[in-house]
Amino acid sequence: QVQLVESGGGLVQAGGSLRLSCAASGSIFSINAMGWYRQAPGKQRELVAVISSRGSTNYVDSVQGRFTISRNNAKNTSYLQMNSLKPEDTAVYYCNAKVPPRVGARWEYTYWGQGTQVTVSS
C-alpha cells in the first residue's frame with residue numbers, strides 16, 4: 001500500500017506564489033508518472049501538470065509558464081511551484097502517482113492524495 005500526503009496549500013492574493021508538495025510512502029520500488037490535478041466547486045477534476053519518471057513534463061494550457069512541476073525521486077516527492085496565481089486557480093489540488101506493484105511489472109496502481117485547498121483572492 002502507498003500513501004500520498006500533500007502540503008503547501010493556503011490562501012494567497014492574486015499574483016502571489018505557493019509551492020505544493022506531495023510525499024509518497026509505503027511499499028514503493030519505483031514511481032512512474034506523478035501528477036497534479038485540481039477540482040474547483042461545480043467543476044470536474046482536471047489535470048494540471050504531469051511529470052514522467054525521467055523528468056518530462058506537460059501542463060494544461062491555462063497554467064503554462066506560471067506553474068512548474070518537479071520531483072525528487074530519492075524522496076518519492078513531487079512539487080508544484082505556482083507563480084502569478086489567479087483567482088481562477090482556486091481549487092482543491094490533488095496529487096497522484098503511478099506505482100508498479102513490483103520491479104519489472106508492466107502495469108501500475110494509481111494512488112491519490114487527500115487534496116489541499118488553494119484559494120486565490122482578487
Side-chain angles (χ1 to χ4, degrees):
Q1 190 68 304
V2 174
Q3 297 80 40
L4 301 183
V5 178
E6 298 127 335
S7 60
L11 173 65
V12 65
Q13 288 188 335
S17 298
L18 284 173
R19 188 190 193 212
L20 305 182
S21 299
C22 174
S25 62
S27 300
I28 300 173
F29 297 101
S30 63
I31 302 177
N32 294 334
M34 302 184 79
W36 285 91
Y37 291 70
R38 66 187 179 187
Q39 186 166 20
K43 295 187 177 181
Q44 290 188 332
R45 188 175 299 189
E46 66 168 351
L47 175 64
V48 176
V50 63
I51 184 167
S52 73
S53 58
R54 297 186 178 185
S56 298
T57 60
N58 277 292
Y59 301 89
V60 67
D61 287 347
S62 60
V63 307
Q64 186 76 40
R66 300 188 297 123
F67 290 11
T68 302
I69 188 171
S70 60
R71 64 191 287 171
N72 183 325
N73 291 331
K75 295 183 177 180
N76 291 329
T77 300
S78 70
Y79 307 94
L80 186 67
Q81 177 67 44
M82 305 185 294
N83 298 329
S84 302
L85 282 161
K86 304 176 181 180
E88 51 264 43
D89 294 318
T90 295
V92 178
Y93 284 70
Y94 299 89
C95 67
N96 82 351
K98 307 283 190 176
V99 182
R102 59 185 180 276
V103 176
R106 295 185 178 184
W107 52 284
E108 57 197 10
Y109 288 116
T110 298
Y111 295 95
W112 291 90
Q114 79 286 356
T116 185
Q117 177 70 45
V118 171
T119 302
V120 184
S121 62
S122 57

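We use all heavy atoms of the structure for the numbers below, so side chains are in, but hydrogens, waters and symmetry mates are not. Throughout, numbering of the chain's residues begins at 1 and tracks the sequence.
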Check against side chain to side chain donor-acceptor pair (under 3.5 Å), Asn72 and Thr77: CA-CA 5 Å; Asn72 183 325; Thr77 300; over 6 Å; no
Worked check of side chain to side chain contact (heavy atoms under 4.5 Å, CB included) between Asp89 and Phe67: CA-CA 11 Å; Asp89 294 318; Phe67 290 11; 3.9 Å; yes
Side chain to side chain contact (heavy atoms under 4.5 Å, CB included) evaluation trace for Thr90 with Val118: CA-CA 5 Å; Thr90 295; Val118 171; 5.9 Å; no
Test log, rule ring pair (Phe, Tyr, Trp, His ring centres under 6.0 Å), inputs Tyr37 and Trp112: CA-CA 10 Å; Tyr37 291 70; Trp112 291 90; 4.9 Å; yes
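Between the side chains of Thr119 and Gln117, at least one donor-acceptor pair of N or O atoms lies under 3.5 Å. The closest side-chain donor-acceptor pair between Asn96 and Thr110, if any, does not fall under 3.5 angstrom.
Distance check, rounded to the nearest 0.5 Å: OG of Ser121 to CG of Leu11 gives 5.0 Å. Rounding to the nearest 0.5 angstrom, the gap separating the CD1 atom in Ile69 from the CD atom in Gln81 is 12.0 Å. Between Ser27 atom OG and Arg102 atom CZ the span is 13.5 Å, to the nearest 0.5 Å. To the nearest 0.5 Å, atom CZ of residue Arg38 and atom CD of residue Glu46 are 4.5 Å apart. Annotation: the span from Arg66 atom CZ to Ser84 atom OG amounts to 7.0 Å, rounded to 0.5 Å. Note: Tyr111 OH to Gln1 CD = 5.0 Å, rounded to the nearest 0.5 Å.
Remark: Arg71 is not positioned above the aromatic ring of Tyr79, lacking an NZ or CZ atom under 6.0 angstrom from the ring centre and at most 45 degrees off the axis.
Arg45 places a side-chain heavy atom less than 4.5 Å from the side chain of Tyr94.
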